[in-house]
Structure formats: structure tokens, C-alpha cells
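For reference, the structure discussed in these notes is given below.
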Amino acid sequence: MYHKSNSYFNSAIYKKAQEIGMLSKHISDYLNTDLAPLSENGQENPDIYFSGDIVQHSISLSTELLKAEASSFSEKKYFHAHTLEWLTYRLTQNCKRLEHCSSNGRDFLLILKKEIKKFKKLQKKWMLTL
């Protein structure tokens, strides 16, 4: 089991999940500088929460992959695989929401969405191996 999970760190899907995590952190940092200031009426920009969500969900991708690989029961594997599908869906939805925010950083969201699409293709292949 240890050997399998250790070699898993070198798999394409795990590397893509790590890449998405780093990319979303950088995008969120960029967006937060534009979204953090309060508006003229003292309200905060609600889009700032979506920028944090993309980071949280993208970091969870690699965690769920490792949990699925470490599980010895197929029910647990499929539970983590389902969670992974939910995370990728939420990431896509939050990217769509952030594309409408008032920040120059929204242009980088297209890059993140392309990487999520690549991840989804890898995810489909990975699902067949469970």
C-alpha cells in the first residue's frame, strides 16, 4: 500500500491537481488585491468569497485523490471519487462567477478553467482504474 501511494505522487492526475492548487492560489492573491477594499457604501465585495473557495476546492483535489488511493474498500474509493467530481464542478462554477467580477485578474481564470478541463479528462481515465 505504501509503495502504491508513494508512486501516486508522480501520477499525471496528482500533478495536475497540484498545479491547479498553485494556480488558484496565485489567481486568488491577484484577485484579492482588487476585491478586498470596501465599496463606497462600506460593503465588502461578495466575490472575494469565491476567490477563497477556488483555493479551498483546488487544494482539496489532491487530498481527495490521495484518500481514494489509500482506501482499501471500493465504497470509500467511490465516495472520494464522487467528492472529487463535486469539487471540480464547484471550481468551474466559482470560476464562472469570478469572471464577472471587477478585477483584471479575471483574465487568468480562463487559464484555470482550461486546466480544470484537462483535469476532468484525467479524472475520467482515473475513474476507470478504481
* Asked: Does the pair Q123 and K120 meet the rule for a side-chain contact (heavy atoms from CB on, under 4.5 Å), with working shown?
  -> CA-CA 5 Å; Q123 184 180 3; K120 284 181 181 181; 4.2 Å; yes

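- By the rule that hydrophobic residues join a cluster once side-chain heavy atoms approach within less than 4.5 Å of another member, L87 and Y89 end up as members of separate clusters.
- In this structure, NE2 on H82 lies 11.0 Å from CD on E64, to the nearest 0.5 angstrom.
- Scanning all heavy atoms of the two residues, the minimum distance from S28 to G52 falls at OG-N, 4.2 Å.
- Rounded to the nearest 0.5 angstrom, L61 CG and L66 CG are separated by 11.0 Å.
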* Kindly indicate, with the supporting measurements, whether the criterion side-chain contact (heavy atoms from CB on, under 4.5 Å) is fulfilled by I59 and K25. => CA-CA 9 Å; I59 290 172; K25 283 181 189 177; 3.4 Å; yes

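- No single ILVMFWY cluster, assembled from side-chain heavy atoms under 4.5 Å apart, contains both W86 and F79.
- Residue D53 holds its CG atom at 8.5 Å from CZ of R97, rounded to the nearest 0.5 Å.
- Checked against L122 for a side-chain contact (heavy atoms from CB on, under 4.5 Å), the options K15, M127, K16 give a single hit: K16.
- Across all their heavy atoms, L65 and Y14 have their closest contact at CD1-CA, 4.1 Å.
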* **Test side-chain contact (heavy atoms from CB on, under 4.5 Å) applied to F119 and E19, step by step** => CA-CA 10 Å; F119 180 82; E19 185 179 317; over 6 Å; no

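- Comment: E99 does not engage K96 in a salt bridge, judged by the lack of any side-chain N to carboxylate O separation of less than 4.0 angstrom.
- A continuous path of ILVMFWY side-chain contacts below 4.5 Å connects V55 to I111, so both sit in one hydrophobic cluster.
- Put simply, CG on L128 and NZ on K125 are 10.0 Å apart, with the number rounded to the nearest 0.5 Å.
- Linking ILVMFWY side-chain heavy atoms closer than 4.5 Å, directly or via other members, places L31 and L110 in two distinct hydrophobic clusters.
- Closest heavy-atom contact between I48 and S51: O-OG, 2.6 Å.
- Across every non-hydrogen atom of C95 and K113, the tightest pair is CB-CG, 3.7 Å.
- Atom OG of S58 and atom CD1 of I20 lie 7.5 Å apart (nearest 0.5 Å).
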* **Derivation of the side-chain contact (heavy atoms from CB on, under 4.5 Å) call for L35 and F50** => CA-CA 11 Å; L35 301 176; F50 298 127; over 6 Å; no

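- L91 contributes atom CG, which lies 6.5 Å from atom CG of L112 (distance to the nearest 0.5 angstrom).
- K117 NZ: 12 or fewer foreign heavy atoms inside a 6.0 Å radius.
- Of all heavy-atom pairs spanning I27 and F108, the tightest one is CD1-O, 3.4 Å.
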